[in-house]
Amino acid sequence: MSKQDQYTMTDPRTQYDNDGTHYNDDQPDPALDKKLDPSADHGENTYRGSDRLKGRKALITGGDSGIGRAVAIAFAREGADVVINYLPSEQEDGDKTVAILEEAGVKAKGIAGDIKDEDFCVSLVEEANTFLDGLDILVNNAGKQKFVENIEDITTEQFRTTFETNVFAMFWIIKAAAKHMPPGGSIINSTSIQCYQPSPGLLDYSSTKGAITSFTKSCAKMLIEKGIRVNGVAPGPIWTPIQQSGGQAPSKLPNFGEDTPIGRAGQPAELAPAYLYLASQESSYVTAEILGVTGGKHLP
Ligand code: NAD
Ligand code: MG
């Protein structure tokens, strides 16, 4: 994979090259960035900030790896103090991300814990609010994705935990966070192309993404009464650990993303500018919107 920056004019079809020769498709859930093979680009070597979030205070779930890590790096280099959340088994990925954020000269902290637990969600928000001395930006990005081909094989436990992780946690975290957020605050939820073009084999996951999209639009209309904007980002196929712990059928990994018009998988670094736009005041007239970053698999 070539590591491109976000600034040089380049043919997007060849900006990154997943070489496709060796894929780790059997990581335990949640998969680690540490073991992601080939590795992903989070902008760590390239992203340049320009004070677009100077002094803001942001909480990002699933910030240890993948899209969340790329968003955290961009926010920190734009001047925001950042708290990330992840599962205890991801401490190493979390520590690595926090170290990159601190290099940007901002305050950063990792808080491990399971967002399927409502009490943890409340304490996460309170701890982040105390550490950051306020909360301006909330990115609900953590997610669970498990590929199961036949409906007979989807357990009730899987169905329930996918909804708890992807939908219930978002509700619990926003409910706890909204009272701390000032007018001008911004909430961004990670939905998916799976909301609009659901694949067989991702029944529970795609359903949660449909729920997140509607939740986002309804919540936007509620929270604008407090001056808070709520939007979503819908990624297409992005090269992250979630794909390597059963998120996709292993047979799909070598050609992952090649069915998009751009013809390749996206990298986490290519998502960060969309989240940044929605977090910053530059998107002041945008709420209840879903921004697709899909390689051309457009939203309806
Ligand atoms: P990722 O594995 O790097 O990130 C997902 C994160 O979710 C994990 O790092 C983990 O910290 C967190 N998480 C999962 N269960 C949790 C729990 N119970 N408690 C706390 N944290 C938990 O993968 P990613 O692709 O960067 O995923 C980020 C978001 O992007 C997810 O919501 C995913 O659905 C969405 N998304 C990804 C793709 C893709 O192709 N990678 C496409 C569309 C949407
Ligand atoms: Mg992770």
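Every value quoted in this text rests on a predicted model; they were computed, and no experiment measured them. Atoms within a ligand are numbered from 1 in the order they appear, just like the ligands themselves.
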NZ/NE/NH1/NH2 to OD/OE distance under 4.0 Å, Arg160 and Asp204: no
Do any protein N, O or S atoms sit under 2.8 Å from the Mg ion (ligand 2), and which ones are they? Asp64 OD2, Ser65 OG, Glu90 OE2
Is a salt bridge present between Lys96 and Glu44, judged by a nitrogen-to-oxygen distance below 4.0 Å? no
Below 3.5 Å, can you tabulate the donor-acceptor pairs from side chains in residues 102-109 to any protein atom, sequence neighbours excluded?
residue	atom	partner	partner atom	Å
Lys107	NZ	Phe131	O	2.7

Hits for side chain to side chain donor-acceptor pair (under 3.5 Å) against Asn166, two or more places apart or cross-chain, chain-then-number order -> Thr208
I'd like to know if Arg48 pairs up with Asp5 as an ion pair, taking the criterion as any Lys NZ or Arg NE/NH1/NH2 lying under 4.0 Å from an Asp or Glu carboxylate oxygen. no
Starting from the N and O atoms of ligand 1, find every protein N or O within less than 3.5 Å and list the pair with its distance.
residue	atom	partner	partner atom	Å
ligand 1	2 (O)	Ile242	N	3.3
ligand 1	3 (O)	Ser65	O	3.4
ligand 1	3 (O)	Ser65	OG	2.6
ligand 1	3 (O)	Gly66	N	3.4
ligand 1	7 (O)	Gly143	N	3.1
ligand 1	9 (O)	Asp64	OD1	2.7
ligand 1	9 (O)	Asp64	OD2	3.3
ligand 1	9 (O)	Ser65	OG	3.0
ligand 1	9 (O)	Glu90	OE2	2.9
ligand 1	11 (O)	Asp64	OD1	3.1
ligand 1	11 (O)	Glu90	OE1	2.5
ligand 1	11 (O)	Glu90	OE2	3.4
ligand 1	18 (N)	Asp114	OD1	2.8
ligand 1	19 (N)	Ile115	N	3.0
ligand 1	23 (O)	Thr240	OG1	3.2
ligand 1	25 (O)	Thr240	OG1	2.6
ligand 1	26 (O)	Ile67	N	2.8
ligand 1	32 (O)	Asn141	O	2.8
ligand 1	32 (O)	Lys209	NZ	3.0
ligand 1	34 (O)	Tyr205	OH	2.5
ligand 1	34 (O)	Lys209	NZ	3.0
ligand 1	40 (O)	Gly236	O	3.2
ligand 1	40 (O)	Ile238	N	2.8
ligand 1	40 (O)	Ile238	O	3.4
ligand 1	40 (O)	Gln243	NE2	2.8
ligand 1	41 (N)	Ile238	O	3.0
ligand 1	41 (N)	Thr240	OG1	3.2
ligand 1	41 (N)	Gln243	NE2	3.1

Can Arg52 and Glu282 be counted as an ion pair, charged N to O under 4.0 angstrom? yes
For Gln91 and Tyr86: C-alpha separation, side-chain torsions, deciding distance, then whether side chain to side chain donor-acceptor pair (under 3.5 Å) applies. CA-CA 7 Å; Gln91 189 64 46; Tyr86 42 81; 3.0 Å; yes
Closest heavy-atom pair and its distance - Asn231, Thr216: C-CG2, 3.4 Å
Is the terminal nitrogen or CZ of Arg56 (NZ for Lys, CZ for Arg) located under 6.0 angstrom from the six-membered ring centre of Phe75 and within 45° of that ring's axis? no
